Amino acid sequence: MGILKAMTGAIGGAAADLWKEAFICDEMDSEVLMQRARKLVSQRSSNQGDADIITDGSIIVVAAGQCAIVTENGKVVGVYPEPGEQIFCSEQSRGMFTGGMKAFIRDVGRRIAFGGDAPYRHRLYYINTKEISGNSFSVEAVPFRFRHPNADLDMDGGISCSGSYSFRIADPEAFFVAVTRMEAGKLRSSLIVQMNSELLTAMLSALARLCEAGVRPSAMTAYTEQLCEMLCSVLNEKWRTARGIEVFSMAIGSMRVLDSDTFKTLQRDTVFRNPAMAAGHLTGATAGAMQTAAGNPSGGSLTATLITAIRGKPGTPAQPDGWRCACGAENQGRFCEACGTPRP
């Protein structure tokens, strides 16, 4: 009875699976990176074979921005990246319409050996190869070390920035192998968390390279384009190998250097190590204070005091060899030439 049941199941299964199929995939939005194929079957169709068997010679319809991948018993046996109708070929599922009666009898014989079931299984997946945009990132207080050799300045700082990037699946087969354990149709939300963490790691390296090149913190915002290029280079090298993904574009929307005022103060104070620069700054500060006091209605007495201190008070020497009389005349001898008053 067991052999008879196996023979009946093998003949019925081989007859049901001998029909060629046509597979398509609905439009995938940016949230879907991988999706199972859909077989075109209507109520009038006699193609009611096993859903996990793709008959040799079946048609796989690939739309623009998609790539079809077929696995046989877990192994990738077909990759179809070109848009249009693709023909699936497999020695395992060759039936009457592609191999004649000989192929049909051979398939029945193998099924009988396995109790009436086919000893192979197929899976057909579609990979979304379009640009996946809208992936935002925001990092706070990314540490970096700033060195200024001329000023002997060496201190730690931080940068907060935000932006967005887009990516595409450049190697569908590598992507499929990397995410084969994830649930199809929900890959983007699962990957973005990990990819953003890796982006933060790459940013640490990129900022260190900019600082080593001598870029000042105050000028860091002018190097956003170079920072994006560095990030893309580091991430592409990692993501292509790990997941078959490459960065399509990246932009930094905002960047803020933490403790920027501290950096500016330290750089300014370094200039005053030069005595001439320090004296010039002090002279300018004194002149500015006098101008401010002169413009202040209540600062007239202070201005007069400063002027008197510079010119000298009445009755005191105006020069090392001369003296000023109370009447205001300047003299060199022992008596005032204007009023005759003795020299104090």
Side-chain angles (χ1 to χ4, degrees), residues 30 33 129-171 174-175 178 188-274 277-278 280-281 284:
S30 59
L33 302 182
T129 59
K130 296 180 294 186
E131 178 186 5
I132 309 299
S133 60
N135 309 294
S136 60
F137 66 90
S138 178
V139 292
E140 298 292 335
V142 180
F144 74 95
R145 186 179 183 182
F146 175 66
R147 293 181 179 180
H148 197 304
N150 297 332
D152 295 333
L153 181 62
D154 187 354
M155 67 175 295
D156 295 329
I159 288 182
S160 297
C161 66
S162 62
S164 62
Y165 65 94
S166 63
F167 65 89
R168 62 182 295 270
I169 301 174
D171 189 342
F175 174 80
R188 183 176 182 270
S189 58
S190 302
L191 288 176
I192 289 300
V193 176
Q194 178 64 27
M195 292 170 65
N196 285 347
S197 299
E198 295 172 359
L199 187 149
L200 174 59
T201 303
M203 183 168 292
L204 294 173
S205 175
L207 287 176
R209 291 166 59 185
L210 286 177
C211 293
E212 291 176 358
V215 178
R216 297 185 178 186
S218 58
M220 195 69 71
T221 54
Y223 285 80
T224 54
E225 185 175 352
Q226 288 83 344
L227 180 61
C228 290
E229 292 177 357
M230 292 180 181
L231 290 174
C232 291
S233 176
V234 174
L235 293 175
N236 282 339
E237 183 178 356
K238 180 180 180 64
W239 289 353
R240 280 197 190 105
T241 304
R243 306 182 186 92
I245 293 175
E246 67 178 10
V247 180
F248 193 85
S249 65
M250 178 177 291
I252 294 179
S254 64
M255 177 179 290
R256 182 171 59 91
V257 180
L258 306 181
D259 300 326
S260 59
D261 294 338
T262 302
F263 282 109
K264 293 179 181 179
T265 301
L266 292 175
Q267 290 174 348
R268 183 197 63 186
D269 293 345
T270 301
V271 176
F272 298 152
R273 296 169 60 185
N274 186 335
M277 296 294 293
H281 177 74

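In what follows, every heavy atom counts, from backbone to side chain, and hydrogens, waters and symmetry copies are set aside. Every value quoted in this text rests on a predicted model; they were computed, and no experiment measured them.
- Annotation: the span from Phe248 atom CZ to Ile132 atom CD1 amounts to 11.0 Å, rounded to 0.5 Å.
- The shortest side-chain heavy-atom distance between Val234 and Arg209 falls under the 4.5 Å cut-off.
- Tyr223 OH: 12 or fewer foreign heavy atoms inside a 6.0 Å radius.
- The shortest distance between side-chain heavy atoms of Phe167 and Glu131 does not fall below 4.5 Å.
- Checked against side-chain hydrogen bond (donor to acceptor under 3.5 Å, both in side chains), Arg256 has no partners two or more places apart in sequence or in another chain.
- Atoms OG and CD1, from Ser197 and Ile192 in turn, are 10.5 Å apart once rounded to the nearest 0.5 Å.
- Nearest approach of Ser162 to Ser254, heavy atoms of both residues: OG-OG, 2.8 Å.
- Side chains of Cys228 and Ile252 form a contact here, defined as non-hydrogen atoms less than 4.5 Å apart.
- Listed here is the closest heavy atom pair of Val139 and Met203: CG2-SD, 3.7 Å.
- Using a 4.5 Å cut-off on side-chain heavy atoms (C-beta onward), Leu235 and Tyr165 make no contact.
- Rounding to the nearest 0.5 angstrom, the gap separating the CZ atom in Arg188 from the OG atom in Ser30 is 5.0 Å.
- The closest side-chain heavy-atom distance from Glu140 to Ser138 is below 4.5 Å.
- No side-chain heavy atom of Leu200 sits less than 4.5 Å from a side-chain heavy atom of Phe137.
- Counting only residues at least two apart or in different chains, salt bridge (charged side-chain N to carboxylate O under 4.0 Å, His left out) contacts with residues 157-171 comprise Arg168-Glu246.
- Counted by atom type alone, Ser136 and Ser164 present zero donor-acceptor pairs between their side chains at under 3.5 Å.
- At least one side-chain heavy atom of Met250 sits under 4.5 Å from a side-chain heavy atom of Leu231.
- Taken to the nearest 0.5 Å, the CG atom of Leu210 stands 6.0 Å off from the CG atom of Leu227.
- For Leu33 against Leu191, the heavy-atom pair with the smallest separation is CD1-CD1, 3.9 Å.
- Here salt bridge (charged side-chain N to carboxylate O under 4.0 Å, His left out) pairs that include residues 221-239, with residues two or more places apart or in two chains, number zero.
- Using a 4.5 Å heavy-atom threshold, the side chains of Arg243 and Gln194 count as touching.
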